[in-house]
Amino acid sequence: MNDGAPIEEVDALLIGAGIMSATVATLLKELDPSLRIVVFERLTRVAGESTDARNNAGTGHAALCELNYTPEKSDGSIDCTKAAKIMECFEQSKQLWSYLVERGLCERGSEFIRSVPHVSFVTGAEDVAFLRKRFALLQQNPLFRALEYSEDPSTLARWMPLVMSGRAADVPVAATRSSLGTDVDFGALARAMFARLEATPGFDLYLDHDVRALEQDADHQWRVRVQDETLDAPLRYRAKFVFIGAGGAAIDLLDASDIVEGQGYGGFPVSGMWLVCRNPDVIEKHHAKVYGKAKLGAPPMSVPHLDSRFIDGKRELLFGPFAGFSTKFLKEGSYLDMPTSVTADNILPMLHAGIRNVPLTVYLIEQVLQSTEDRMNALREFVADARTEDWTLEVAGQRVQVIKKDDEVGGKLEFGTEIVSARDNSLAALLGASPGASTSVSVALDLLEDCFTERMQSAPWREKLRAMIPSYGTKLADDEALIDRVRAHARATLGLDA
Ligand SMILES: Cc1cc2nc3c(=O)[nH]c(=O)nc-3n(C[C@H](O)[C@H](O)[C@H](O)COP(=O)(O)OP(=O)(O)OC[C@H]3O[C@@H](n4cnc5c(N)ncnc54)[C@H](O)[C@@H]3O)c2cc1C
């Protein structure tokens, strides 16, 4: 990797300027302001991939409406473990964001987060019974106590007039609603976080800089080659710690790092599309994020939902996502991304995962082949009188699901997020995209616990962590007084309703 360019030494080098690198860099700089940190982004703008508001659904995932976080098991019982975990994670995110807003992140929290009620909506006797049971179980956790439940069509019409209008009276319906729900513009948040970081000594963000290669030296430091696209010149860096926050491209960079822990991973890209409403009268009639149940065979992230959004401060209405398939790992990636990611290490896990997920492939093919009218009909299950002329189709971000080795079945497709870190803790990569940006704070904390273990346990860092995130190291569900305190603080600083 020696091309004659001078080497710059840094403490931490972060690849990608999405919400994940913004969060990791912010936490590190708060914990140790003396660290020298650089971030490289291949695009000419911050948050241009999945983190951009139009590329994701903007749901502050807190398990208040997403039915896939409370799966029904074969014995009919409902597992609320994942819902409880995601709620705890989102509460941590709100605590860090509140701390940052108080310290000048932006003028008002509403620049990136707004209260939008979260609603789960089901129809038919079987799903109504499921929702009723789910509600009763969630009520046992104090974090979900404010959730409301109703089977009364007139109450539901008050919660979501657009969805209840024109609906057959003889079909049982039920919904849960929470005023704790939020819509988050993760693009605006990441931009604000990077702007704040750029005003800090010892931090630099370079746009239009593509990280091309990484290699580890005997002293465990990383030599990183970056292409400065503005000058068409190579740059060389040496870093004590590298974070691969490259979204869908993380798999390739992890492979390039050659760490043993990164072997055998593959990626399966799932693209997305929204129907976006263009009629202000329709947009005004809806104020909620209404999540339904996923269709049989559908991947968990393609649960249909009708979302009130606030993008660049403007109210919008989006329906989707409709899943699709593209071999790109990033929206602005290359169609060769998936084919060229296949290596001797991951070919077997990928083949095994492919064989085991034929229904998913069939589902994605069906989704890709849908006509505008097919998509409008899916929307009409939510908005019975939706008119085709009020809606246009827009492309969302790419999600790359993780395929990993599995001793029993050869290879598995996973829908979660995974941190892969080097044994010597000098490098970490974030793979997968769900539940995503909402849990960026807890993911970043986990990553720092893996890679900065000693310092994360030191008294000064723990004290600072508790100042930023009062629930850090505790389980909020066990401390109702703390729940009330952190939520009241978030309401006041972020301008939320509940
Ligand atoms: C359709 C869809 C809906 C979603 N809905 C939600 C939701 O409702 N709520 C939620 O919380 N999450 C949601 N997510 C997930 C969420 O958007 C992602 O988890 C999150 O944005 C990932 O952030 P990131 O920083 O890891 O990656 P990204 O935002 O993708 O950023 C990675 C960056 O790395 C850059 N990069 C890549 N390779 C290189 C390189 N070699 N050199 C330099 N830079 C590089 C890319 O250009 C990109 O800017 C959704 C995602 C999708 C696709």
Side-chain angles (χ1 to χ4, degrees), residues 13-25 38-62 65-66 86 89-90 93 116 118 182-187 189-190 193-194 205-214 224-229 243-254 256 269-274 289 291 299 301-303 305 307 309 318 320-324 329-334 337 394-401 416-417 419 429-441 443-444 447:
L13 185 150
L14 280 53
I15 308 171
I19 189 66
M20 277 318 308
S21 290
T23 309
V24 172
V38 283
V39 177
F40 294 108
E41 168 55 53
R42 63 198 277 273
L43 299 181
T44 52
R45 60 194 190 282
V46 165
E49 283 286 343
S50 292
T51 300
D52 181 66
R54 293 194 165 277
N55 287 340
N56 63 67
T59 302
H61 286 305
C65 56
E66 312 84 340
I86 289 169
C89 293
F90 191 62
S93 293
V116 172
H118 281 193
T182 52
D183 178 66
V184 187
D185 181 337
F186 292 107
L189 174 59
M193 287 168 98
F194 276 118
L205 164 67
Y206 296 97
L207 300 177
D208 219 356
H209 280 61
D210 193 5
V211 173
R212 297 277 170 89
L214 31 154
V224 182
R225 186 159 57 79
V226 185
Q227 185 68 12
D228 176 348
E229 304 280 13
F243 170 54
I244 305 178
I251 293 220
D252 285 339
L253 287 162
L254 179 64
V270 177
S271 55
M273 272 178 284
W274 315 112
K289 281 176 177 274
Y291 274 59
M301 71 284 183
S302 57
V303 176
H305 41 99
D307 282 333
R309 304 283 309 272
L318 270 70
F322 296 97
F329 280 174
L330 291 167
K331 195 170 170 179
E332 299 201 22
S334 149
D337 285 345
E394 277 187 19
V395 178
Q398 282 289 102
R399 279 196 248 224
V400 177
Q401 311 302 330
T417 311
I419 301 167
L430 181 70
L431 306 181
S434 185
S438 304
T439 56
S440 50
V441 173
V443 170
L447 185 145

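None of these values were measured; they are calculated from a predicted model. Ligands are counted one by one from 1 in listed order, and the atoms in each one are counted from 1 as well.
Distances below 4.0 Å separate heavy atoms of Asp210 from the following atoms of ligand 1: 40 (C), 41 (N), 42 (N). Those atoms of ligand 1 that come under 4.0 Å of a heavy atom in Leu43, given as number and element, are 47 (O). Less than 4.0 angstrom separates some heavy atom of Gly245 from each of these atoms of ligand 1: 32 (C), 33 (C), 34 (O). Those atoms of ligand 1 that come under 4.0 Å of a heavy atom in Gly58, given as number and element, are 7 (C), 8 (O). Near Gly397, meaning under 4.0 Å from any of its heavy atoms, are these atoms of ligand 1: 53 (C). Taking a cut-off of under 4.0 Å to the non-hydrogen atoms of Ser438, the atoms of ligand 1 that pass are 9 (N), 10 (C), 11 (O). Here is the list of ligand 1 atoms found below 4.0 Å of a heavy atom in Gly247: 27 (O), 30 (O), 32 (C). Numbered from 1 in the order shown, with element, the atoms of ligand 1 that lie under 4.0 Å from a heavy atom of Asn56 read 2 (C), 3 (C), 4 (C), 5 (N), 6 (C), 13 (C), 14 (N), 17 (O), 50 (C), 51 (C).
To the nearest 0.5 Å, the span separating OG on Ser271 from CZ on Arg399 amounts to 10.5 Å.
Residue-level proximity to ligand 1 for His209 is carried by the backbone, the only part with a heavy atom below 4.0 angstrom. Under 4.0 angstrom from ligand 1, the non-hydrogen atoms of Ala249 all belong to its side chain.
The existence of a salt bridge linking Arg45 and Glu332 is confirmed by a sub-4.0 Å separation between a basic side-chain nitrogen and an acidic carboxylate oxygen. Electrostatic pairing of Asp208 and Arg42 does not count as a salt bridge here, judged by no charged N lying under 4.0 Å from a carboxylate O. Ion pairing between a basic and an acidic side chain is recognised when a charged N comes within 4.0 Å of a carboxylate O; Glu229 and Arg212 show such pairing.
Below 30°, between 30° and 60°, or above 60°: for His61 and Tyr291 the angle between ring planes is above 60°, a perpendicular geometry.
Remark: ligand 1 and Met20 share an N or O pair separated by less than 3.5 Å (distance only, no angle test). Every N/O-N/O distance between Trp274 and ligand 1 stays at or above 3.5 Å. For ligand 1, the polar-atom distance check finds an N/O of Val211 within less than 3.5 Å of one of the ligand's N/O atoms. Where the criterion is an N or O separation shorter than 3.5 Å, residue side chain and backbone included, Ile19 meets it with respect to ligand 1. Ligand 1 has no nitrogen or oxygen under 3.5 angstrom from a nitrogen or oxygen of Leu330. Checked by distance only, ligand 1 and His61 come closer than 3.5 Å through their nitrogen or oxygen atoms. Remark: ligand 1 and Asn55 share no N or O pair separated by less than 3.5 Å (distance only, no angle test).
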Inset, instruction - List the steps and the verdict of side-chain contact (heavy atoms from CB on, under 4.5 Å) for Asn56 and Phe186. - result: CA-CA 9 Å; Asn56 63 67; Phe186 292 107; 3.8 Å; yes
Inset, instruction - Could you check Thr417 against Leu431 for side-chain contact (heavy atoms from CB on, under 4.5 Å), going step by step and ending with a plain yes or no? - result: CA-CA 6 Å; Thr417 311; Leu431 306 181; over 6 Å; no
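For the ligand labelled ligand 1, residue Gly436 lies inside the 4.0 Å heavy-atom shell. Judged by the shortest distance from any of its heavy atoms, Pro321 lies outside the 4.0 Å radius around the atoms of ligand 1.
In this structure, the side chain of Gln398 does not engage the main chain of Leu330 through any donor-acceptor pair within 3.5 Å. With Thr182 contributing its side chain and Thr59 its backbone, the two residues share no donor-acceptor pair below 3.5 Å. Of the possible donor and acceptor atoms, none in the side chain of Thr23 sits under 3.5 Å from a partner among the backbone N and O of Ser440. The backbone N or O of Ala53 sits less than 3.5 Å from a side-chain atom of Arg309, completing a donor-acceptor pair.
Checking Val226, Leu14, Asp228 one by one against Phe40, the side chain to side chain contact (heavy atoms under 4.5 Å, CB included) holds for a single residue, Val226.
Closest to atom 6 (C) of ligand 1 by heavy atom, among Ala396, Ala57, Ser21, is Ala57.
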